[in-house]
A.B. asks: 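Handing you a structure now.
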There are 2 protein chains.
Amino acid sequence: MTTKEKIIDEALTLFSTKGYQGTSVKNIADAVGIKDSSLYKHYKSKKEIFDTIVLEMSMRMEGMSRGLGLPGEENMEKAAFGYGQLTAEGLWELSKNIYLYYLRDEFAARFRRMLTIEQFRDREIYEVYRKIFMEDSITYQTQLFGEMIRQSIFIEANPAAMAVNFYAPVYFLLNKYDQEWGREDEALAELKQHVEEFGRIYLKRDRDA
Amino acid sequence: MTTKEKIIDEALTLFSTKGYQGTSVKNIADAVGIKDSSLYKHYKSKKEIFDTIVLEMSMRMEGMSRGLGLPGEENMEKAAFGYGQLTAEGLWELSKNIYLYYLRDEFAARFRRMLTIEQFRDREIYEVYRKIFMEDSITYQTQLFGEMIRQSIFIEANPAAMAVNFYAPVYFLLNKYDQEWGREDEALAELKQHVEEFGRIYLKRDRDA
DNA sequence: GTCTATATGCGGATAGAC
DNA sequence: GTCTATCCGCATATAGAC
């Protein structure tokens, strides 16, 4: 890791716990292991460090999302078909992946916390937070569930309401267990309970059984 | 409002947007209309202002919660019976009250935002946030729904899973529309869609109809 | 209980040597 | 690309007059 990358990495850690204002350039420099003045050879200001984080992490989030079952707007039929094979278990895999990614991925988790802290002081930051953790997720899942209804994997229902029913608890548990590092089993048990309830309600196979 | 109260009020507004570190004592004093040095006649430090807010608001939140259908652990049977009378419509009233209270109440909304910002830097703050906006709500609703199942208002189901299904979307929408002041109708429409779905799934009367 | 004045330190940022 | 030295403004907080 270059010094320039290490600065971003350490700054993200500090911003995600102490906040932007609560973190000094010296804090970052200390964490990196250089003097604060040296840091200005890599970034021209503290704000440039923050902006770089937002830009890079936004891109990284989109890239990673595709990898775990959030493939953007295309291939919805294929994605739905893929999940169709797995029924209740597939639903659990999907939830667990999304949940553990946002909770534990070394970048996603810190980035989410940072945006959570900073969303109120700047409209642009808020838009980024809202897009990634609210709109994109719900939009994608609404489309996915709509397709899964069409393929008779799920019973007839309102896909938008389903998406909220599915994602909101993931979001809630993410926030609830965010700082409970020793209680991951408990978190996953709660998540599983939720997903099973969701399957009981909407999955056709479960219903027929 | 006394100067001492006004300081708390303005500080809460500032802390809930710019954060504790992002707010200076001068910012608060300016908002109140006094010099920063005068402020120290009322509170001995900036931290004392913050701590006073947390203490007072925690108490106020508990008091207000009781007023809108979150009455603590006693009277659960009575509360459940009360909601039983109203069925689907009562469910909607309950949700709307909780939602609009947390979203719009002039103290609750600012306090929630402040805790959201500050939760990561201090374990104690996090505990307060978690208790009020996660544990208490879920605990109460789990008990309420359990009682409502016993009274045959709801179908047989897992009350804890129901509570997550019910409250998580409220929490999610609260965060989603927190800064969308012009889109309250949209927010309520989404909430209503969720509550109706919840009613369709769990309410006995809806099922039988 | 408000003001002016002030102490003291830390914040972000730059200059220039190596 | 790292360091030392330095600038300057703003931060929290206090002293003391009115």
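In what follows, chains are A, B, ... by sequence order, proteins preceding strands, each numbered from 1. Remember, it's a predicted structure, so these values are computed and weren't measured experimentally.
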A.B. asks: Are B:E127 and B:R123 close enough, and set up right, to give a salt bridge (charged side-chain N to carboxylate O under 4.0 Å, His left out), and what steps lead you there?
C.D. replies: CA-CA 6 Å; B:E127 306 280 4; B:R123 185 77 200 182; 3.0 Å; yes
A.B. asks: List the residues meeting side chain to side chain contact (heavy atoms under 4.5 Å, CB included) with A:D36, not counting sequence neighbours, and say none if there are none.
C.D. replies: A:V25, A:K26, A:A29
A.B. asks: Can you name the residues that form a side chain to side chain contact (heavy atoms under 4.5 Å, CB included) with A:S37, not counting sequence neighbours?
C.D. replies: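 A:K35.
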A.B. asks: On DNA chain C, reading 5' to 3', which nucleotide is the first and which the last to sit with an atom under 4.0 Å from a heavy atom of chain B, could you check?
C.D. replies: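 Boundary nucleotides touching chain B, in 5' to 3' order, are C:dG1 to C:dA5.
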A.B. asks: Can you list the residues that meet the side chain to side chain contact (heavy atoms under 4.5 Å, CB included) rule with A:A31, with sequence neighbours excluded?
C.D. replies: A:E10, A:L14
A.B. asks: Taking side chain to side chain contact (heavy atoms under 4.5 Å, CB included) as the definition, give me every residue that meets it alongside B:T3, ordered by chain and number, with sequence neighbours left out.
C.D. replies: B:I7, B:V32, B:I34, B:H42
A.B. asks: Taking only residues two or more places apart in sequence, or in another chain, which ones meet B:D178 in a salt bridge (charged side-chain N to carboxylate O under 4.0 Å, His left out)?
C.D. replies: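 Here the qualifying residues are B:R112, B:R113.
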A.B. asks: Send over the distance from B:I7 CD1 to D:dA13 P, rounded to a whole Å.
C.D. replies: 13 Å
A.B. asks: Output all residues satisfying salt bridge (charged side-chain N to carboxylate O under 4.0 Å, His left out) with A:D51, sequence neighbours left out; order by chain, then residue number.
C.D. replies: A:K47
A.B. asks: Fill in the dot-bracket string of DNA chain D, one character per base: . for unpaired, | for a pair to another strand, ( ) or [ ] for pairs within the strand, taking Watson-Crick or G-U pairs under 3.5 Å.
C.D. replies: ||||||||||||||||||
A.B. asks: Under the rule for side-chain hydrogen bond (donor to acceptor under 3.5 Å, both in side chains), what residues qualify as partners of A:Y171, not counting sequence neighbours?
C.D. replies: A:Y129
A.B. asks: Holding to side-chain hydrogen bond (donor to acceptor under 3.5 Å, both in side chains), I want the full list of residues that pass it with B:Q193, two or more places apart in sequence or in another chain.
C.D. replies: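 Once residues adjacent in sequence are excluded, the partners of B:Q193 under the side-chain hydrogen bond (donor to acceptor under 3.5 Å, both in side chains) criterion are A:N158.
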A.B. asks: Give the residues of residues 10-44 of chain B touching DNA chain C, defined as any heavy atom closer than 4.0 Å, sorted by residue number.
C.D. replies: B:I34, B:K35, B:S37, B:S38, B:K41, B:H42
A.B. asks: Using the salt bridge (charged side-chain N to carboxylate O under 4.0 Å, His left out) criterion, which residues pair with A:R130? Sequence neighbours excluded.
C.D. replies: A:E135, B:E180
